[in-house]
Structures are given as C-alpha cells and as structure tokens.
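Worksheet: the structure to be examined is printed underneath.
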Amino acid sequence: DRVRVSLAARLDNGRSESSTPALAGMGDVDGSLRARVSGTWKLDEGWQLGAAASIDALGRGQGTTGEISFAREQSLTPDTVWIWGGSLTFGDSTYMQSYYGVTSAQSASSGYPVYSPSTGFRDLALSIGLRSELTPEWVGFVNGGLSQSVGPLLDSPLVTQPLGWGVNAGLAWRF
C-alpha cells in the first residue's frame, strides 16, 4: 500500500533545428522511444517521495534522465485529491550534450561557442494539480508548474530563458 512502481513508454519527438531560428545550424536530435520506470513511497499524512529514470530505449542519442521528487497529497472529495510538490531532474552526459551542448561542427554552423556539459542537474520544479478517480480503472489529472534551469544548463548558450512553466492534463488506465 505504501510503495508503487510504474513502467511507461512514450514517443519522444526529439528536436528539430527548424523549430526555431535559435537552433539554426544545431542539427536535429532524432526522435526515439523513451522507457521510464518510477517509484513512489507514501509516507504518513499524505507525504510521498519519488524517484524515476527515463532511457532512450532505441539508442538514438537522447541519453538518460532521472528525477527525485516529493509531494503532499490532500483529499478534496472521496475520489479527488490535490497535490503539490517539487522535483529535481538530472541528465547524463549524452542527454545533456544532445540537448544543451554545442560541438565544434555545430559551433561553426551556428555561431554559438563550443560547450560540452557534464552529467548534472537540469532543473528544479514546483507543481500543483488535481487527480480524480473516474472509475476503478481510469484516472484523470491536470497539473501546472514552474521550472528553473540549474547546473550545467545555466552555462549553455542554448538556454536563453532559464525559467519555464507548463500545464498538462491526461487520462491513465490502471491494470
């Protein structure tokens, strides 16, 4: 009842240099299938700790990311809870180089200075959201959050806005 392990797969579109003028000359990061394993440990009074790892399952140069997190969950109704928390995400050197590094060839094409980030922290995030048990098998959710780039990302010439935000919603099926 206190430990939950999840396995997931998702398509990752990678990155296209044509998506913004800021990436001109940087080349594309090939899309891939990402496999994710995560675990949550429920503590007392709605607190939980979590950890996750996501790998490039097809080996297309996207590398591996990981995350540690904490959250507080409180009931609004018998089927709906609100959750707030935070997380710290990191990437291995392959991931960091693919998305935030600049090789010599990319530097010559883009004008950015050469940059080789190491394995390290990527961002610190805070979030708030709602989750509702729609049926015993189906769960709906909506979340919003803020993230701040940290570590090697702050030195990357590709990071021009270190503060970001996002909103997501979805359905999940339990089996």
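Position 1 is the first residue of the sequence; numbering continues from there. Heavy-atom basis, side chains included; hydrogens, waters and symmetry copies ignored. Owing to the predicted nature of the structure, the values given are computational and were not obtained by experimental measurement.
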- Message: What's the separation between atom CG in L88 and atom OG in S147, rounded to the nearest 0.5 Å?
- Response: 12.0 Å
- Rounded to the nearest 0.5 Å, the CG atom of D28 sits from the OG atom of S19 at a distance of 8.5 Å
- For the atom pair CG (L153) and CD (Q148), what is the distance rounded to the nearest 0.5 Å? 10.0 Å
- Message: If we count only N and O atoms by modelled type, under 3.5 Å, do the side chains of D56 and S32 hold a donor and an acceptor together?
- Response: yes
- Message: Determine whether a donor-acceptor pair (N or O, by modelled atom type, separation under 3.5 Å) exists between the side chain of E17 and the backbone of G25.
- Response: yes
- Message: Restricting to non-hydrogen atoms, name the atom on Q97 and the atom on P117 that form the minimum distance, rounded to 0.1 Å.
- Response: OE1-CD, 3.4 Å
- Query: Within the distance-only criterion (no hydrogens, no angle test), does the side chain of S132 pair as donor or acceptor with the backbone N or O of L134 below 3.5 angstrom?
  - Reply: no
- Query: Between S149 and V159, which heavy-atom pair has the shortest distance, and what is it?
  - Reply: OG-CG1, 4.1 Å
- Query: Looking only at atom types and distance, does a side-chain atom of S98 sit under 3.5 Å from a main-chain N or O of G61, one as donor and one as acceptor?
  - Reply: yes
- Item | Sidechain-backbone polar pair: T119 side chain, S93 backbone, donor-acceptor under 3.5 Å | yes
- Task: Return the minimal non-hydrogen interatomic distance between M26 and L158, and the atom names on each side.
- Result: CE-CD1, 3.8 Å
- Go through the side-chain N and O atoms of R122 and Y99 and say whether any donor and acceptor fall under 3.5 Å apart. no
- Give a yes or no on whether the backbone of T40 and the side-chain of R4 come within a donor-acceptor separation of less than 3.5 Å. no
- Query: Which pair of non-hydrogen atoms, one from I83 and one from A71, has the smallest distance, and what is that distance?
  - Reply: CG2-CB, 3.9 Å
- Message: Is it the case that the side chain of T103 and the backbone of Q106 share a donor-acceptor pair, with hydrogens and angles ignored and the cut-off at 3.5 Å?
- Response: yes
- Task: Look up atom CZ in R174 and atom CH2 in W138, then write down how far apart they are to the nearest 0.5 Å.
- Result: 12.0 Å
- Query: Is V167 reachable from W82 through a run of I, L, V, M, F, W or Y residues, each pair having side-chain heavy atoms under 4.5 Å apart?
  - Reply: no
- S54 and its side chain to side chain donor-acceptor pair (under 3.5 Å) partner, picked from R34, R36, E67: R34
- List the atom of V102, the atom of P157, and the distance in Å for their closest heavy-atom pair. CG2-CG, 3.8 Å
- Message: Is there a path of hydrophobic side-chain contacts, each under 4.5 Å between heavy atoms of I/L/V/M/F/W/Y residues, joining L23 to V29?
- Response: no
- Message: Keeping T80 on the side-chain end and L76 on the backbone end, is there a donor-acceptor pair under 3.5 Å?
- Response: no
- Determine yes or no for a side-chain-to-main-chain donor-acceptor pair under 3.5 angstrom, with N13 supplying the side chain and G31 the backbone. no
- Message: Test of understanding: clusters of I, L, V, M, F, W, Y form through side-chain heavy atoms closer than 4.5 Å, transitively. Do L11 and L58 belong to the same one?
- Response: yes
- dist W47:CH2 -> F70:CZ (nearest 0.5 Å) comes out at 6.0 Å
- Query: If you take all heavy atoms of Y100 and S156, which pair is closest and at what distance?
  - Reply: O-OG, 2.6 Å
- Note on the structure: When rounded to the nearest 0.5 Å, the distance separating CH2 of W173 from OG1 of T135 is 10.5 Å
- Quick check: are there more than 12 heavy atoms from other residues, nucleotides or ligands sitting under 6.0 Å from CZ of F121? no
- Message: Donor-acceptor check, side chain of S107 to backbone of Y112, threshold 3.5 angstrom: yes or no?
- Response: yes
